[in-house]
Amino acid sequence: MAITSALDALDYALVHALQIDGRASFRTIAEVLGASEHTVARRYRKLRAQGVLRVVGWLNGQRFGRTAWSVRLVCTPDAAAQVAEALARRDDTVWVRLLSGGTEIACGVQAGGDQDGDALLLKKLPRTPRIVAMSAHATLHMFAGWRSRVAVLTDEQAERIRHVQQHEKEVSLTAQDHAMLRVLAKDGRAGYGELAGASGWSHTTVRRRLDELRAGDTLRFDVEIPSQTLGYHAEAWLWMKIEPSALASVGEAMAAHPEADVVAATTGPTNLMAGVTCRDTRDLYRYLTERVAPLHGVRELETAPVIRTVKRVGTFLP
């Protein structure tokens with residue numbers, strides 16, 4: 001559904017609250033925001049129905065020994081959209097974006113924890129006839145990762161909403177867990193009844209299991225909201241060659257830039273990758289020339305504009 005409404009102050013506060021804890025109760029959020037529970041729930045349902053806002057649950061693959069890969073694909077002009085959508089429907093892709101006029105795809109893949117993930121990365125993609133070029137870059141270090149552009153709550157308000165993180169512990173996933181996770185990948189705020197129906201567990205068992213998965217940092221929640229809704233209309237992926245001695249300093253400097261959503265050191269011919277979001281193309285130009293170019297140690301910079309986000313934070317976007 002097309003996005004038709006602008007966000008007001010209460011909407012921004014609701015988005016920020018859900019980014020802090022995607023499953024915080026409407027009652028808790030309402031108390032913190034000084035609004036009625038009915039109003040907060042109605043606002044959330046309206047934004048979700050309009051395609052403006054969605055909470056998603058996603059599995060932290062690092063807890064199971066998986067490696068995060070950034071994969072770049074160049075396709076024949078008639079195939080990129082279909083390939084991107086096929087990738088987006090796979091469980092082992094985390095995000096998928098169409099770049100550079102619609103002939104290039106960038107996607108995030110978690111591999112190494114199971115044979116299927118490795119098969120996608122190493123076997124299936126290179127053998128796809130309409131993929132004419134491919135490169136894969138393993139993530140070595142995250143300087144910044146998928147940060148929010150909405151920060152309107154005070155520290156005190158945020159602390160009242162924040163989910164209490166307990167000590168990490170080993171977790172083994174069952175078939176019932178996977179059934180529940182598939183529901184949460186589509187709707188991170190799915191009710192205990194729906195999760196119980198999917199998993200075959202009781203409401204009490206579902207509640208307890210969710211707490212265990214979150215406490216072990218196995219299950220995380222994020223908020224999907226199009227950047228255009230927040231007034232940002234120029235997204236791009238940057239692949240950079242940085243002098244090895246300057247890699248850490250450049251990565252840390254870029255992580256401090258408000259324009260940078262994600263900054264990561266990677267393997268491959270380029271050793272630093274970044275996703276950035278700016279107000280418009282002029283703002284992107286200023287960012288590249290005035291903020292990135294002066295950084296000491298930057299040898300080369302390749303910029304690819306994002307044409308379409310096909311999958312964001314683990315969920316396919318039709």
More than 12 heavy atoms of other groups within 6.0 Å of His178 NE2
yes
Heavy atoms, side chains only, cut-off 4.5 Å: are Arg220 and Asp222 in contact?
no
I'd like to check Thr93 versus Lys311 (side-chain heavy atoms, cut-off strictly below 4.5 Å). Are they in contact?
yes
Report yes if some heavy atom in the side chain of Arg97 is under 4.5 Å from a heavy atom in the side chain of Val310; otherwise report no.
no
Any sub-3.5 Å donor-acceptor pair from His141's side-chain atoms to Ala265's backbone N or O?
no
If you measure from CZ on Phe221 to CZ on Arg214, what distance do you get to the nearest 0.5 Å?
5.0 Å
Distance-only side-chain donor-acceptor flag, Arg130 / Gln82, under 3.5 Å:
yes
Let me see the working for Arg162 and Glu159 under side chain to side chain contact (heavy atoms under 4.5 Å, CB included), right down to the final yes or no.
CA-CA 5 Å; Arg162 196 177 314 279; Glu159 194 59 34; 3.4 Å; yes
Mind checking whether Trp239 and Val263 sit in one hydrophobic cluster, side chains of I, L, V, M, F, W, Y counted as touching below 4.5 Å?
no
CZ of Arg42: more than 12 outside heavy atoms within 6.0 angstrom?
yes
Determine whether the aromatic ring centres of Phe26 and His38 lie less than 6.0 Å apart.
no
Is the backbone of Arg312 close enough, under 3.5 Å, to the side chain of Thr309 for a donor and an acceptor to pair up by distance?
no
Any sub-3.5 Å donor-acceptor pair from His233's side-chain atoms to Asp280's backbone N or O?
no
Distance check, rounded to the nearest 0.5 Å: Ile131 atom CD1 versus Leu87 atom CG?
6.5 Å
If you compare all heavy atoms of Val40 against all heavy atoms of Ala35, which two are closest, and at what distance to 0.1 Å?
CG2-CB, 4.1 Å
Between Asn60 and Thr218, do the side chains contain a donor N or O and an acceptor N or O under 3.5 Å apart?
no
May I ask you to test the Leu181-Leu59 pair for a side-chain heavy-atom distance under 4.5 Å?
yes
What are the two closest non-hydrogen atoms of Gly102 and Ile307, and how far apart are they?
N-CG1, 3.9 Å
By salt bridge (charged side-chain N to carboxylate O under 4.0 Å, His left out) - contacts of Arg208 (at least two apart):
none
Do Leu53 and Val150 belong to the same hydrophobic cluster, where Ile, Leu, Val, Met, Phe, Trp and Tyr are linked whenever their side-chain heavy atoms lie under 4.5 Å apart, directly or via other members?
yes
Which residues share a salt bridge (charged side-chain N to carboxylate O under 4.0 Å, His left out) with Arg45, sequence neighbours left out
none
Contact between Asp11 and Arg43 at the side-chain level, heavy atoms closer than 4.5 Å - yes or no?
yes
Quick one, Leu238 and Leu272 - any side-chain contact, counting heavy atoms below 4.5 Å?
no
Given side chains that start at C-beta, do those of Val52 and Leu7 come closer than 4.5 Å, heavy atoms only?
yes
CA sep, side-chain torsions, deciding dist, call: Val109, Thr67, side chain to side chain contact (heavy atoms under 4.5 Å, CB included):
CA-CA 8 Å; Val109 176; Thr67 299; over 6 Å; no
Tell me, please, which residues at least two apart from Ala68 pass side-chain contact (heavy atoms from CB on, under 4.5 Å).
Thr139
When rounded to the nearest 0.5 Å, the distance separating CG of Leu153 from CD1 of Ile161 is 5.5 Å
Heavy-atom donor-acceptor pair, Thr266 side chain to Thr270 backbone, under 3.5 Å:
yes
Note: Arg308-Glu85 ion pair, threshold 4.0 Å (strictly below):
yes
Treating Ile, Leu, Val, Met, Phe, Trp and Tyr as nodes and any side-chain heavy-atom pair under 4.5 angstrom as an edge, say whether Tyr287 and Leu230 lie in one connected cluster.
no
Between the side chains of Asp187 and Arg54, is the shortest nitrogen-to-carboxylate-oxygen separation below 4.0 Å, so that they form an ion pair?
no
Any chance you could lay out the side chain to side chain contact (heavy atoms under 4.5 Å, CB included) test for Val71 and Cys107, step after step, and finish with the verdict?
CA-CA 5 Å; Val71 181; Cys107 68; 3.8 Å; yes
Between Trp69 and Trp95, does the ring centroid distance fall short of 6.0 Å?
no
Thr205 side, atom OG1; Leu195 side, atom CG - distance, nearest 0.5 Å
12.5 Å
Can a side-chain donor-acceptor contact be found between Ser227 and Glu235 if the only test is distance below 3.5 angstrom?
yes
Hey, mind stepping through Lys186 and Arg182 against side chain to side chain contact (heavy atoms under 4.5 Å, CB included) and telling me if it holds?
CA-CA 7 Å; Lys186 298 178 180 178; Arg182 281 192 290 270; over 6 Å; no
Please give me the minimum heavy-atom distance between Gln176 and Ser199, naming the atom from each residue.
CG-O, 3.1 Å
So, for Met254 and Val292, which heavy atoms are closest and what is the spacing to 0.1 Å?
CE-CG2, 4.3 Å
Could you state whether Leu18 and Leu184 fall into the same hydrophobic cluster, counting links through intermediate Ile, Leu, Val, Met, Phe, Trp or Tyr residues with side-chain heavy atoms under 4.5 angstrom apart?
yes
What pair of heavy atoms forms the shortest contact from Pro269 to Lys241, and how long is it?
O-CE, 3.1 Å
Got a sec: does the CG of Asp8 have more than 12 other heavy atoms crowding it under 6.0 Å?
yes
Are the side chain of Ser70 and the backbone of His137 linked by a donor-acceptor contact shorter than 3.5 Å?
no
Using modelled atom types and a 3.5 Å cut-off, is there a donor and acceptor pairing between side-chain atoms of Arg27 and backbone atoms of Ser36?
no
Hydrophobic cluster identity match, Val74 and Val306, side-chain contacts under 4.5 Å
no
Answer yes or no: is there an ion pair linking Asp177 with Arg209, defined by an N-O contact shorter than 4.0 Å?
yes
Validation row: Val55, Tyr44 side chains within 4.5 angstrom (heavy atoms)
yes
Is it true that Glu302 and Arg72 make a salt bridge, defined as a side-chain N closer than 4.0 Å to a carboxylate O?
yes
Measure the CD-CZ distance between Gln50 and Arg48 for me, rounded to the nearest 0.5 Å.
13.0 Å
For the student: nearest non-hydrogen atoms of Ile105 and Ala84, plus distance
CD1-N, 3.7 Å
CE on Met273 to CE on Met142, rounded to 0.5 Å
6.5 Å
